[in-house]
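Just so it is clear, the values below take in all heavy atoms, side chains as well, and ignore hydrogens, waters and symmetry mates. Residue numbering restarts at 1 for every chain, and letters A, B, ... go by the order of the sequence lines.
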2 protein chains.
Amino acid sequence: MARAAGVSPTTVSHALNGKGVVRRETEERIRQVAARIGYRPSAIARGLRNSRLGLLGLIIRPFDTLDSFIPAGVDYFLRIAGSASLTAMEHGYSLMMVDDPSKRGRPVSALAADGYVVTEPFENDPVLSLLERERIPFVAVGADIARRDEFVTMDTLADKQAVQMIEHLVSAGATRVALVVGTDRNAWNLDSRDAYLDWCARVGQDPLWIAIPEAQGERAGEIALDRFFGEGAADAPDAVYCLMGRQASGIARAAVARGISVPDELLVAAGSGALQNQTMHPTVTAFDLQPEVIAQRAVEAVIRLIEGEAVETPFEAPEALLHLRESTQRV
Amino acid sequence: MARAAGVSPTTVSHALNGKGVVRRETEERIRQVAARIGYRPSAIARGLRNSRLGLLGLIIRPFDTLDSFIPAGVDYFLRIAGSASLTAMEHGYSLMMVDDPSKRGRPVSALAADGYVVTEPFENDPVLSLLERERIPFVAVGADIARRDEFVTMDTLADKQAVQMIEHLVSAGATRVALVVGTDRNAWNLDSRDAYLDWCARVGQDPLWIAIPEAQGERAGEIALDRFFGEGAADAPDAVYCLMGRQASGIARAAVARGISVPDELLVAAGSGALQNQTMHPTVTAFDLQPEVIAQRAVEAVIRLIEGEAVETPFEAPEALLHLRESTQRV
DNA sequence: CTGAAAGCGCTTACAG
DNA sequence: CTGAAAGCGCTTACAG
């Protein structure tokens, strides 16, 4: 490029980046030559020089325990990924998806991003430890429950949402609310459970809850119903709050199959709406956590960290939107 | 790192990469020091040296015309993205998603990948031209219809699928089959349409088809029904093949709303199943294009190109699986 | 068996 | 206003 324009690399760099001082005409000529020969500075060389590639990493931790990388019907994380990509683009960054860069056999490039967004980290998550040790900026979406105040974190407000939904179920006629959570040890599962137990203690209800592995997906329906309505079904619930939309679908479907009417005998609600909750029959009441907004805020926060600006922590997730549907509306 | 181990960078490089010759004990010691201080070679420096970052790019072209980056209910591309990420990982690469790296204002890093998978390129797609000009290896998933034999391409077999589905509709009782495609000028839309027109000519049916912008999503239902059943509805169809699952949902829903029974009066089928086709009522017959397998094969092909191996072209997509559902089964 | 040197393509402090 | 030099952290051909 420098040769093509008949100047030094220094001058090319100055002209194209508007740094030093370059005579107007020289800059003009350099730009023209660049356009003509289709010159694009190497992102890699620039990255080496600036120790910044213009690359962000998105680490969706729950994928680590799910059976496939993007399981069917988990649109929450897909909406996260799409919005994160777009937001990154808008700020001049590319975005790559990696699962766990600390795993053996992971490409070195998995750790080459300028910063990371880590969704739903586990308790004492080794990925966060690694990023911290490498001094790579990152934002946790949902706290590491063992180290709540150590990292820049978006509070996803699972506890508030649990209370809000339980109260909705009660106002819809529930007298005994059960809870279904996943088994990953993250803030989403554990804060929801704790909020539920608190609520039970407060209103004097005997807690009834079960943790089912995320990878079970809709199969959680059968498992939960066996637990709630099998054998000694004396204390059977008349409402269930499931964190995952797929669990809620599974429960609604399994309940109907067993002759338990939804919503007349059992109210069902989901903490994070999946697409099928809108289209199945009956449709299922769910929160829309606004994953697009979550991803946007998290990406913008990590970019600020990368660029040396301050980020308040914890900062809040957008408000969850409660979509009322057939599964909690008795007529 | 070299200092910490008391050897030269050369020896570190040799030891850690198993290249040159290093005394057993020296290598051992270097590995131990590396583990102790948590040394990881810089992917960027290595990338500059090898002109290879270990990074792949996934360019999903239809996003360019859709209204949001990842529209709700388009699980096809999400399954592509997930599987592509996973496959890349398994081969020692990371994967980033970009929309159009040739757009102004795109981060330079958007062109820093070692190779790209470009799904559903447009006719004379400028992205393919750019990659070719920059001599960056890439694989097209679906042909650039203006340049079918110029690039390494996966043939997605849209024409065969169209014929197969139309014949299924006929065997399910259709006497007049209409077609709904999108407006993007890509092989998926145009090859399907051509196959349909050929089929019409062959059996002597008067063609009845409409192209509706992809971004309309389910709203395509109303639009298509206005066209097929509005005003001069003399030649109304009794079956519709829609390429997109969302279009099929929209049509089935809109038909029922207008008092047209599905499947009794109108058979509906989709060329690429969306999740809601399985959960809505009636469920909609659709192809599962096996996007996971498509992505896996495409990623493996581009890796072979990057590593200098030959790739046959065109190579074939996996067989589309036909899922028969209520929308094409009269009882 | 080990290391000094050159170079990947940029940017930046500095000299002219 | 422009350019020569150094250096970002690696790898590789080559010398010892």
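Applying the side-chain contact (heavy atoms from CB on, under 4.5 Å) criterion to B/A158, with sequence neighbours excluded, gives B/W188, B/D191, B/S192. Applying the ring-ring contact (aromatic ring centres under 6.0 Å, His included) criterion to A/F138, with sequence neighbours excluded, gives A/F151. Contacts of A/E90 classified as side-chain contact (heavy atoms from CB on, under 4.5 Å), with partners at least two apart in sequence or in another chain: A/L86. Applying the side-chain hydrogen bond (donor to acceptor under 3.5 Å, both in side chains) criterion to A/D100, with sequence neighbours excluded, gives A/S102. Residues satisfying the side-chain contact (heavy atoms from CB on, under 4.5 Å) criterion with A/R297, sequence neighbours excluded, are A/M154, A/V293, A/F315, A/P318.
Straight-line distance from the CZ atom of A/R52 to the P atom of C/dT12: 11 Å, rounded to whole Å. One can place CG of B/N17 at 13 Å from C1' of D/dG9, the figure rounded to the nearest angstrom. Put simply, CG on B/L111 is 15 Å from P on C/dG9, counting in whole angstrom units. Distance CZ (B/R40) to C1' (D/dG9): 16 Å, rounded to an integer number of Å. We find that CZ of A/R46 is positioned 19 Å from C1' of D/dG9, with the value rounded to whole Å. What separates CG of A/L16 from C1' of C/dT12 is a distance of 16 Å, to the nearest Å.
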Name the atoms and distances for all side-chain donor-acceptor pairs under 3.5 Å in residues 5-13 of chain B, with sequence neighbours left out.
| unit_1 | atom_1 | unit_2 | atom_2 | d |
| --- | --- | --- | --- | --- |
| B/S8 | OG | B/T10 | N | 3.3 |
| B/S8 | OG | B/T11 | N | 3.2 |
| B/S8 | OG | B/T11 | OG1 | 3.1 |
| B/S13 | OG | B/N17 | ND2 | 3.4 |

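Note that the CD1 atom of A/I306 and the CG atom of A/D114 stand 5.0 Å from one another [nearest 0.5 Å].
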Could you write nucleotides 1-8 of chain D as a row of B, S and -, 5' to 3', where a protein heavy atom under 4.0 Å of any base atom gives B, of only sugar-phosphate atoms gives S, and otherwise -? SBBBB-BB
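Residue B/S13 has a polar side-chain atom (N or O) positioned under 4.0 Å from OP1 or OP2 of D/dT11. OP1 or OP2 of C/dC10 has at least one side-chain nitrogen or oxygen of A/Y39 nearer than 4.0 Å. Taking 4.0 angstrom as the limit, B/K19 places a side-chain polar atom (N or O) nearer than this to OP1 or OP2 of D/dT12.
Residue pairs that meet the side-chain hydrogen bond (donor to acceptor under 3.5 Å, both in side chains) test with at least one member in residues 121-146 of chain B, sequence neighbours left out, are B/R61-B/D125, B/E123-B/R185, B/S129-B/R147, B/D144-B/R147.
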For DNA chain C, the dot-bracket notation using Watson-Crick and G-U wobble pairs below 3.5 Å, [ ] for pseudoknot-type crossings and | for other-strand pairs, is |||.||||||||.|||
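With hydrogens and angles ignored, the 3.5 Å screen pairs no side-chain donor or acceptor of A/N50 with any backbone N or O of A/L53.
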